[in-house]
Amino acid sequence: MPPRSDRYDRIYRTVRRIPRGRVATYGQIAKLAGMPNQARLVGYALHALQDGRVPWQRVVNGRGEISVRAFPGSEDVQRELLEREGVRFDARGRLSLERFGWRPRR
DNA sequence: AGCCTGACTCGGA
DNA sequence: CTCCGAGCCAGGC
């Protein structure tokens, strides 16, 4: 049994490049991983994560919010992890992509 | 194979 | 600002 699809692996490798204290959007990860317009696949891949080798908390949606998921409460975990890295949220629970967005070179 | 769902995004109304 | 609709792919039934 292969671990996961090659696409998942490319997504995970890209997410691992996000530096501490910075965030990237699902669409951004998809594009950097060489599959533009497949943001949804990124969310899917992260949802299927098992191990802790991937900094999944550094991926947020295009509006700078933590996406809600089926299991309630996990959003709070993500926010906690990010705040621990220095990422600040406003009263609406949104962060500034201007300030904390990851802008990789190439 | 079909059908539904989901850690998404973008453009238009 | 909000509310669709379309485009997208993987998994489960």
Side-chain angles (χ1 to χ4, degrees):
Chain A
M1 279 278 297
R4 280 297 177 190
S5 71
D6 179 55
R7 287 184 169 150
Y8 275 32
D9 287 332
R10 276 192 285 163
I11 290 172
Y12 297 147
R13 278 199 293 275
T14 305
V15 173
R16 273 195 283 264
R17 292 177 53 205
I18 307 174
R20 217 174 158 289
R22 310 244 98 184
V23 300
T25 67
Y26 294 91
Q28 185 182 2
I29 294 299
K31 190 175 180 180
L32 288 171
M35 25 189 160
N37 308 318
Q38 290 178 147
R40 203 161 191 179
L41 186 60
V42 174
Y44 219 39
L46 294 184
H47 180 64
L49 264 181
Q50 299 287 322
D51 60 272
R53 299 177 303 175
V54 182
W56 56 270
Q57 73 272 21
R58 296 177 193 151
V59 183
V60 298
N61 66 32
R63 296 177 304 186
E65 311 171 311
I66 293 175
S67 295
V68 283
R69 52 253 306 150
F71 186 70
S74 45
E75 305 97 307
D76 300 321
V77 176
Q78 179 170 8
R79 175 167 174 164
E80 180 65 33
L81 288 171
L82 287 178
E83 292 187 318
R84 205 171 298 172
E85 297 183 358
V87 177
R88 302 294 197 76
F89 290 80
D90 65 17
R92 291 178 181 171
R94 291 172 53 167
L95 58 82
S96 169
L97 289 175
E98 280 290 312
R99 287 183 54 190
F100 303 109
W102 176 44
R103 291 184 259 305
R105 304 177 184 177
R106 284 185 292 280

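Computed over heavy atoms, backbone and side chain alike; hydrogens, waters and symmetry mates excluded. Order of the sequence lines fixes the chain letters, A, B, ..., with proteins taken first and strands second; residue numbering starts at 1 for each chain.
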Is any NZ, NE, NH1 or NH2 atom of the basic residue among A:Glu75 and A:Arg79 found under 4.0 Å from an Asp or Glu carboxylate oxygen of the other?
no
Just the table, please: protein N/O against nucleotides 8-13 of chain B N/O, every pair under 3.5 Å.
unit_1, atom_1, unit_2, atom_2, d
B:dC8, OP1, A:Ser67, OG, 3.1
B:dC8, N4, A:Arg40, NH1, 2.9
B:dT9, OP1, A:Gly62, N, 2.7
B:dT9, OP2, A:Gly62, N, 3.1

Parallel, tilted or perpendicular: which describes the rings of A:Tyr44 and A:His47, with under 30° parallel and over 60° perpendicular?
parallel
In whole angstroms, how far is the P atom of C:dC9 from the CG atom of A:Asp6?
15 Å
Minimum side-chain heavy-atom gap A:Ile11-A:Met35 below 4.5 Å:
yes
So, do A:Asp9 and A:Tyr12 sit near enough that their side-chain heavy atoms are less than 4.5 Å apart?
yes
Do other residues, nucleotides or ligands put more than 12 heavy atoms under 6.0 Å from A:Arg53 CZ?
no
Expressed in angstrom and rounded to an integer, what is the separation of A:Glu75 atom CD from B:dG6 atom C1'?
14 Å
Less than 4.0 angstrom between a side-chain N/O of A:Arg7 and OP1 or OP2 of C:dC9, yes or no?
no
In whole angstrom, what separates A:Arg92's CZ from C:dC1's C1'?
9 Å
Atom OH of A:Tyr44 and atom P of C:dC9: how far apart are they, to the nearest Å?
13 Å
Under 3.5 Å, which donor-acceptor pairs link side chains of residues 58-68 of chain A to any protein atom two or more places apart or in another chain?
unit_1, atom_1, unit_2, atom_2, d
A:Arg58, NE, A:Glu85, OE1, 3.2
A:Arg58, NE, A:Glu85, OE2, 3.2
A:Arg58, NH1, A:Ile18, O, 2.9
A:Arg58, NH2, A:Glu85, OE2, 3.0
A:Asn61, OD1, A:Arg63, N, 3.0
A:Asn61, OD1, A:Gly64, N, 3.3
A:Asn61, OD1, A:Glu65, N, 3.0
A:Asn61, ND2, A:Glu65, O, 3.4
A:Asn61, ND2, A:Ser67, OG, 3.3
A:Arg63, NE, A:Glu65, OE1, 3.1
A:Arg63, NH2, A:Glu65, OE1, 2.9

